[in-house]
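Structure, as structure tokens:
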Amino acid sequence: MSAEPYKVADIHLADFGRKEIQLAEHEMPGLMATRAEYAESQPLRGARITGSLHMTIQTAVLIETLVALGAQVRWASCNIFSTQDHAAAAIAVGPDGTPDDPKGIPVFAWKGETLDEYWWCTVQALTWPDGEAPNMILDDGGDATLFVHKGAEYEAAGAVPSPSETDSEEWVVILDKLRDSLADHPGKWTKAVETIKGVTEETTTGVHRLYEMAKAGSLKFPAINVNDSVTKSKFDNKYGCRHSLIDGINRGTDVLIGGKVALVLGYGDVGKGCAESLRGQGARVIVTEIDPICALQAAMDGYQVSTLDDVVGQVDIFVTTTGNKDIIKAADMAKMKHQAIVGNIGHFDNEIDMAGLTATPGIKRVNVKPQVDEWRFPDGHTIIVLSEGRLLNLGNATGHPSFVMSNSFTNQVMAQIEIFTKPEAYPVGVYTLPKHLDEKVARLHLDALGVKLTVLTKDQADYIGVPVEGPYKPDHYRY
Amino acid sequence: MTTDAARRYRSVPGLAELGDGRISYAERSMPLLSALAARFRAERPFDGMIIAACLHVTAETAVLVRALRSGGALVRLAASNPLSTQDDIAAALAAGDGVEVFARAGVDRDTYYEHIALALGVDGAGGAVDADGPDLVLDDGGDLVSTLHTRARPATLDRVRGGCEGTTTGVLRLRRMAADGALAFPVIAASDTPVTRLVDNRHGTAQSVIDGLLRASGVLLAGKTLVVAGFGACGVGIAESARALGARVVITEVDPVRALDAVLRGFLVLPLTDAAPIGEVFITATGSADVITGQHLAVMRDGAILANAGHFDVEIDVRALAALAVGVQSDVRPHADAYELADGRRLLLLAEGRVVNLVAANGHPPEVMDLAFGIEALTLARLARQAERLPAAVHPVPSDIDAEAAEMVLAALGTRTDSLTPAQRSYLASWRIGS
């Protein structure tokens with residue numbers, strides 16, 4: 001086991017990172033207010049948090065908030081391309097350190113990791129210097145949670161299974177890493193699932209995994225589904241993607257979006273934000289859906305709703321937003337227009353079949369610039385794939401803006417405090433944050449926007465049967 | 001003044017009070033005309049002059065007519081569309097304002113042209129019934145000017161100092177007259193100023209065409225495929241409004257520049273033959289003729305709704321529709337007729353294919369008409385004062401009138417703007433100064 005205190009691309013980027021962190025702090029009023037509120041009480045004192053979440057400038061503000069609340073933190077990114085190297089450097093150096101004398105937190109992340117490096121980083125973040133595991137996980141996509149659970153499962157089984165031929169390249173790497181761990185530290189993960197008080201999960205994909213595990217009875221510790229806080233999914237997923245999707249497309253391709261035909265695959269919160277921003281740029285947007293409710297929403301919002309098969313030959317820009325796999329297959333890409341742009345903004349890189357594309361006989365990949373590849377088919381037509389099919393708003397641009405992430409991350413901090421300080425209230429299972437905390441997160445962001453809130457009179461509050469100070473809506477309310 | 005009272009006012013009696021209330025209501029939203037009425041009252045630019053006007057007889061038109069009356073004009077008003085007259089407004093103008101009104105809703109074609117002739121001081125057969133023809137004419141679609149040229153005596157034409165035309169359709173017609181050498185006096189194209197294109201065509205038409213469509217059909221636009229034929233100033237406004245209401249909008253165009261603009265705004269542009277089978281609502285806004293023809297009607301979806309936003313009823317081929325139909329159910333809703341085709345499909349024609357925002361709704365909101373009419377009133381005052389008649393041609397509105405109208409409206413809205421500094425003026429006027 002390596003004893004490196006941190007691993008980043010270039011520690012000398014720390015000054016630049018710190019400047020951007022300071023700019024971001026102003027745009028993250030929820031996190032800064034949380035630091036002020038809990039400066040005295042230090043609710044996370046004693047927490048050892050492993051974070052697996054895109055190592056960006058905004059995440060740096062989250063990390064330093066957790067530290068300000070008393071936590072010890074170790075961090076890895078949850079995507080091989082999403083790390084901002086200056087953010088990682090600044091976190092490693094810390095506000096009081098220098099590149100020659102880093103005093104920050106152990107972070108293991110750089111832009112452009114291999115899959116092997118990625119899982120090595122995850123293991124580093126999960127392993128305290130004493131060899132022990134964390135007692136809290138802050139996850140985005142569920143990779144840290146998955147690794148710990150699989151470790152415990154294979155320890156109980158006595159061995160890590162051999163990969164089968166149909167396993168993905170990534171799964172083979174995970175099995176390798178677990179095999180090393182079982183050899184070096186037998187019983188480590190069995191103990192970890194006992195000491196970990198819980199996980200707070202950031203995104204749809206990870207939440208989906210958690211509910212599956214809970215349903216199967218394999219979930220070993222409680223989880224808070226941060227994704228489904230209203231101030232997360234309705235804001236981060238929609239407004240964040242609305243901002244960063246076209247940013248990524250522009251930086252990656254510089255193509256004029258106006259007049260183009262764009263296909264948004266999936267019309268959930270992410271798809272809604274993507275469709276709106278593409279339309280705002282003058283693209284003619286077509287939507288695909290499998291869910292009749294979302295499809296009807298798209299139609300009522302004035303979008304053509306069709307199938308990939310029907311329109312694949314007329315689309316200039318493809319964006320997958322589904323959270324599902326095998327959305328755009330190699331055979332689809334073979335039928336696309338010359339120089340069609342293909343990108344994914346869903347969490348994982350399995351929405352676009354990159355393996356199938358790579359395996360297409362006679363295909364040639366030409367790297368245009370980092371995270372932009374032109375793939376030439378034998379018939380001569382090419383397509384442009386952004387970020388190798390990984391989420392392009394992070395790969396080609398800088399992800400969601402700070403203000404949006406302040407909403408998501410304030411939810412994360414609230415969720416960490418909930419599980420860490422009230423373990424008795426959360427037996428093993430998957431929970432969402434109570435409504436009053438969701439409303440609190442929103443409230444913390446109003447002043448910065450100059451919003452003036454109207455206050456219910458007692459009489460009005462009684463009339464609709466809610467407390468004057470909230471919560472104002474029933475749990476099933478959909479906003 | 002020999003026209004007898006019964007012929008002068010061809011309107012349903014007893015409505016004047018109702019109309020008067022509606023004119024006062026419109027006046028509150030027409031600050032430009034109110035300001036002009038006060039100015040005209042002091043300056044009397046039209047003293048002793050006869051103005052013959054052919055306009056949609058609405059509350060907003062009445063405010064214009066009153067402003068012209070304030071300037072000393074005798075106004076003779078005919079309707080510019082057989083269906084668009086609001087009878088209460090006609091009654092109020094005739095009763096209280098001393099305006100000679102020749103208009104009634106729902107008249108037939110012959111009566112419509114007879115009314116125009118009467119406003120010009122000629123009778124239906126072309127003879128003179130009035131020694132005095134108009135000094136100024138105010139037209140909306142070109143029927144008045146056309147009738148004047150075909151029916152009036154040369155002396156009557158000589159007397160006309162000039163005219164003003166308020167629609168794109170009328171201007172196109174006047175340009176053809178001028179090209180033929182047929183135009184006998186100068187006409188100012190008031191539909192064609194930068195300000196009217198922006199406010200009247202783009203914003204006014206957008207809102208009122210949607211209003212007419214909704215009132216006549218009751219259709220929910222969200223989720224519907226709506227085809228707009230023509231992407232001029234009117235079409236742009238209609239398309240953007242319909243999209244904001246959730247419709248999926250398809251554009252048809254003949255002009256590549258307009259089509260490119262539509263594409264870059266994210267609209268699907270198709271030939272009408274391709275749009276016809278997929279559209280659920282069709283709105284024509286071309287100013288041209290024979291836009292939706294029998295071949296298109298034949299392939300439309302069951303329940304398709306047809307409406308025209310162009311000035312004349314020639315954009316949708318209503319005869320072809322009637323020929324295709326095996327039955328017509330009139331007025332399934334007010335201003336909506338259902339045409340049943342042989343295979344059972346039903347097509348819904350709104351406002352008989354006439355301009356839907358005026359027939360099925362109340363036309364442009366008063367704010368929009370305020371600006372358009374204000375420009376026309378300023379233009380007529382300029383023509384009235386002109387010492388020498390302009391050449392007999394179609395002229396643009398002088399740009400200072402356009403700017404003056406915009407300034408007066410901004411002042412009424414309480415909007416403040418910046419002014420160029422002397423240094424900025426000299427920078428903009430110079431070619432020597434670069435970076």
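Residue numbers start from 1 in every chain, and the chains themselves are labelled A, B, ... in the order their sequence lines are given, proteins ahead of strands.
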- [ ] Check whether the side chains of T382(A) and R376(A) place a donor and an acceptor atom closer than 3.5 Å, and report yes or no.
- [x] no
Open item on the list: Taking every non-hydrogen pair under 4.5 Å, which of A242(B), A247(B), A222(B) racks up the most with chain A?
Closed with: A222(B)
Open item on the list: Main chain of L341(B), side chain of R346(B): is a donor-acceptor contact present, judged purely on distance under 3.5 Å?
Closed with: no
Task: Leading residue by heavy atom contact count with chain A [cutoff under 4.5 Å; candidates V269(B), L268(B), V263(B)] - done: L268(B)
Open item on the list: Under 4.5 Å from any heavy atom of chain B, what part of I257(A) do you find: side chain, backbone, both or neither?
Closed with: neither
Task: Segment of L220(B) engaging chain A (4.5 angstrom heavy-atom cut-off) - done: side chain
Open item on the list: Side chains of S288(B) and E315(B) only: does a donor on one sit below 3.5 Å from an acceptor on the other?
Closed with: no
Open item on the list: Aromatic contact between Y472(A) and Y477(A), with the criterion being ring centroids under 6.0 Å apart: yes or no?
Closed with: no
